[in-house]
Each structure stands twice: as structure tokens, then as C-alpha cells.
S.K.: 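Once you've had a glance at the structure underneath, I'll fire off some questions.
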Amino acid sequence: MKLILLSREEMARTLERLASEIVERHGEDMDRLLLVGIQRRGGDLARRLTRVLKEKCGRDIPLGTLDINLYRDDWTSLAAFPSLGASSIPLPLEGRKVLLVDDVLYTGRTVRAALEAILDYGRPACVELLVLVDRGHRELPIQADYVGRSVRTSRAETVDVLLEERDDRDEVCLVSNR
């Protein structure tokens with residue numbers, strides 16, 4: 001079973017709303033903001049958000065990407081070989097307000113790994129979290145500051161975020177794995 005949670009149009013409106021919330025919260029302090037997308041789809045969403053933010057506030061917002069594979073806590077053996085990607089943090093983090101961007105918030109373990117990775121680049125003034133979908137089932141005390149859509153799910157379901165950049169279409173689906 002597959003249920004469409006967000007269509008292309010709904011995803012675009014959701015990113016517009018999230019960008020408005022960012023501008024409202026940060027106001028004149030937008031100069032200290034740095035968006036950091038968690039690779040892969042979080043990076044794609046962060047790129048889209050920077051374009052929307054530029055339209056709303058008339059300035060470029062710096063953008064970084066973060067590969068968290070070396071920080072994950074689920075590589076339990078030496079036989080597991082994580083697929084490593086590139087991280088790119090374009091500015092020193094000291095004094096910056098980092099807005100971490102990801103597609104789906106689930107257990108919180110990806111965000112925990114991202115926070116650990118960010119600290120290897122420096123000590124930001126603060127870190128906020130933006131997610132397109134929060135599906136619940138936290139294993140760690142982590143919550144998002146900005147949420148596109150909250151969805152009650154079971155552990156037998158997955159939330160698939162499909163993006164034009166990777167999947168040739170924009171769509172968020174709830175898929176039953178039973």
C-alpha cells in the first residue's frame with residue numbers, strides 16, 4: 001500500500017512556508033545563518049531552501065552539506081563498509097547559527113550523527129533542525145525546530161521522499177511494508 005503525503009505542489013508550498021518561518025524567526029540575524037543539508041536528500045532540500053530564502057529576503061544564504069556515514073552508530077562490524085560522500089562546510093562555524101536540514105526525522109540517530117559531525121568543524125552559536133517530514137518513533141531526545149509535515153506512522157511503514165534531483169519527480173509517500 002502506498003499513500004501520497006505530499007505532491008510536487010504541496011512540497012513546494014511546504015518549503016515556502018518553512019522558509020517564511022525561518023525568515024520570521026531570524027529576521028535581521030539572517031547574516032549569521034548557515035544551512036547545512038545532510039547528504040543526500042537533506043542536501044537537495046537545503047539547496048532548494050536557499051533559493052526560496054533568497055527570494056524572500058534578497059540575500060544569499062551560505063550552504064553546506066554534511067556526510068554523516070562515519071558518525072553513524074549502526075556500523076557494528078568491520079565487514080560493513082560505509083559509502084562515503086563529501087562534506088562541504090564553506091565557512092567557519094564559530095558564531096554561526098547552523099540550520100541542519102534533513103528529509104525525514106525518525107529515531108533521531110541521523111541527527112545525532114550530524115551534530116557530532118558538525119562539532120568536528122567548530123562550535124556554532126546554535127544548531128536548529130528543519131525536516132520535511134517528522135514520522136515519530138524517537139529513540140533519542142531530538143526534536144525539529146521546523147517541520148514540514150508530521151505524520152503518525154507504524155514501524156512497519158516507511159516514508160519515501162522522492163526528489164526531482166535524484167528520482168525524476170517530487171513526491172512524499174507513506175509505504176506499508178507488510
Side-chain angles (χ1 to χ4, degrees), residues 5-69 71 85-106 108-135 138 140-151 159 161-167 170-172:
L5 299 175
L6 292 172
S7 67
R8 169 188 297 276
E9 295 78 19
E10 291 167 325
M11 190 183 301
R13 279 195 308 271
T14 298
L15 291 175
E16 285 280 339
R17 176 180 53 79
L18 291 168
S20 292
E21 289 177 26
I22 293 165
V23 171
E24 183 177 318
R25 184 175 293 180
H26 289 278
E28 296 301 316
D29 214 17
M30 294 287 287
D31 290 336
R32 294 179 51 209
L33 192 63
L34 168 66
L35 266 65
V36 176
I38 298 174
Q39 293 287 28
R40 301 179 320 159
R41 285 172 178 78
D44 297 335
L45 290 169
R47 276 186 277 289
R48 290 183 186 192
L49 270 171
T50 58
R51 289 192 295 268
V52 176
L53 285 167
K54 182 173 184 176
E55 289 173 13
K56 290 192 175 300
C57 65
R59 64 181 90 163
D60 288 317
I61 305 297
L63 170 66
T65 56
L66 198 60
D67 182 287
I68 55 122
N69 279 313
Y71 298 89
S87 291
S88 170
I89 305 297
L91 303 163
L93 296 184
E94 282 68 28
R96 289 265 171 202
K97 293 183 174 188
V98 172
L99 179 55
L100 194 58
V101 179
D102 203 8
D103 57 349
V104 178
L105 178 56
Y106 181 35
R109 294 190 179 279
T110 297
V111 175
R112 185 223 41 93
L115 290 169
E116 194 174 324
I118 284 172
L119 292 176
D120 279 351
Y121 286 92
R123 186 170 187 244
C126 71
V127 179
E128 295 177 333
L129 176 62
L130 179 146
V131 295
L132 186 61
V133 178
D134 181 346
R135 63 167 291 191
R138 232 50 102 243
L140 299 171
I142 290 174
Q143 69 180 23
D145 300 283
Y146 307 91
V147 177
R149 174 114 187 242
S150 293
V151 181
V159 174
V161 175
L162 305 174
L163 298 176
E164 184 75 34
E165 296 89 327
R166 296 189 185 279
D167 309 299
D170 286 341
E171 190 175 80
V172 178

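Below, each value reflects all heavy atoms present in this structure, side chains not excepted, and no hydrogens, waters or symmetry copies. Values in this document were obtained by computation on a predicted structure and should not be read as measured data. Counting begins at 1 with the first residue of the sequence.
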S.K.: Taking all non-hydrogen atoms of both residues into account, name the closest pair between Ile118 and Leu93 and its distance.
M.R.: O-CD1, 3.5 Å
S.K.: So do Glu10 and Val172 actually touch side chain to side chain, heavy atoms under 4.5 Å?
M.R.: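 They are not in contact (no side-chain heavy atoms under 4.5 Å apart), so the answer is no.
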S.K.: Using a 4.5 Å cut-off on heavy atoms from C-beta on, say whether the side chain of Glu116 contacts that of Ile68.
M.R.: no
S.K.: Between CG of Asp134 and CG of Leu105, what distance do you get to the nearest 0.5 Å?
M.R.: 4.5 Å
S.K.: Taking all atoms of both residues into account, what is the closest heavy-atom pair of Val161 and Arg41, and its distance?
M.R.: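 The pair with the smallest heavy-atom distance is O-NE, 2.9 Å.
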S.K.: Would you check if the side chain of Glu171 reaches a backbone N or O of Ser7 as a donor-acceptor pair within less than 3.5 Å?
M.R.: no
S.K.: Please determine whether the number of non-hydrogen atoms from other residues, nucleotides or ligands lying under 6.0 Å from atom CD of Glu24 exceeds 12.
M.R.: no
S.K.: Counting heavy atoms not belonging to Arg8, are there more than 12 under 6.0 Å from its CZ?
M.R.: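 It does: Arg8 CZ has more than 12 such atoms within range.
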S.K.: Under 4.5 Å between any side-chain heavy atoms of Val159 and Val151, yes or no?
M.R.: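 A side-chain contact under 4.5 Å is absent here.
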S.K.: Under a 4.5 Å cut-off applied to non-hydrogen side-chain atoms, are Arg48 and Leu163 in contact?
M.R.: yes
S.K.: Testing the basics here: between Glu164 and Asp170, what is the closest heavy-atom pair and its distance to 0.1 Å?
M.R.: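 For Glu164 and Asp170, the tightest heavy-atom pair comes out as N-OD1, 2.7 Å.
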S.K.: Tell me, with the steps shown, if Arg13 and Glu9 meet salt bridge (charged side-chain N to carboxylate O under 4.0 Å, His left out).
M.R.: CA-CA 6 Å; Arg13 279 195 308 271; Glu9 295 78 19; over 6 Å; no
S.K.: Give, for atom CZ of Arg96 and atom CG of Leu34, the distance between the pair rounded to the nearest 0.5 Å.
M.R.: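 Atom-to-atom, Arg96:CZ and Leu34:CG are 6.5 Å apart.
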S.K.: Looking only at heavy atoms, which two atoms of Glu128 and His26 are closest? And how far apart?
M.R.: OE1-NE2, 2.8 Å
S.K.: Kindly compute the distance separating CG (Leu99) from CG (Leu130), expressed to the nearest 0.5 Å.
M.R.: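 Leu99 CG to Leu130 CG: 5.5 Å, rounded to 0.5 Å.
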S.K.: Measuring from Lys97:NZ to Met30:CE, what's the distance to the nearest 0.5 Å?
M.R.: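 Spacing of NZ (Lys97) from CE (Met30) equals 10.5 Å.
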S.K.: Taking the side chain as every heavy atom from C-beta outward, state whether Val111 and Leu140 have any pair of such atoms under 4.5 Å apart.
M.R.: no
S.K.: Please confirm whether Arg25 makes a cation-pi placement over Tyr146, using NZ or CZ under 6.0 Å from the six-membered ring centre and within 45° of the ring normal.
M.R.: yes
S.K.: Nearest 0.5 angstrom please: Asp60 CG to Arg51 CZ, how far?
M.R.: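 Output value for this atom pair is 12.0 Å.
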S.K.: Minimum heavy-atom separation for Ala86 to Gln39, with atom names?
M.R.: O-NE2, 3.4 Å
S.K.: Check whether more than 12 heavy atoms from other residues, nucleotides or ligands sit under 6.0 Å from atom CD of Gln143, and answer yes or no.
M.R.: no
S.K.: Can you tell me how far the CG atom of Leu6 sits from the CZ atom of Arg149, to the nearest 0.5 Å?
M.R.: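 Here the rounded value is 5.5 Å.
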S.K.: What is the minimum heavy-atom distance between Ser87 and Asp67, and which atoms define it?
M.R.: OG-N, 2.7 Å
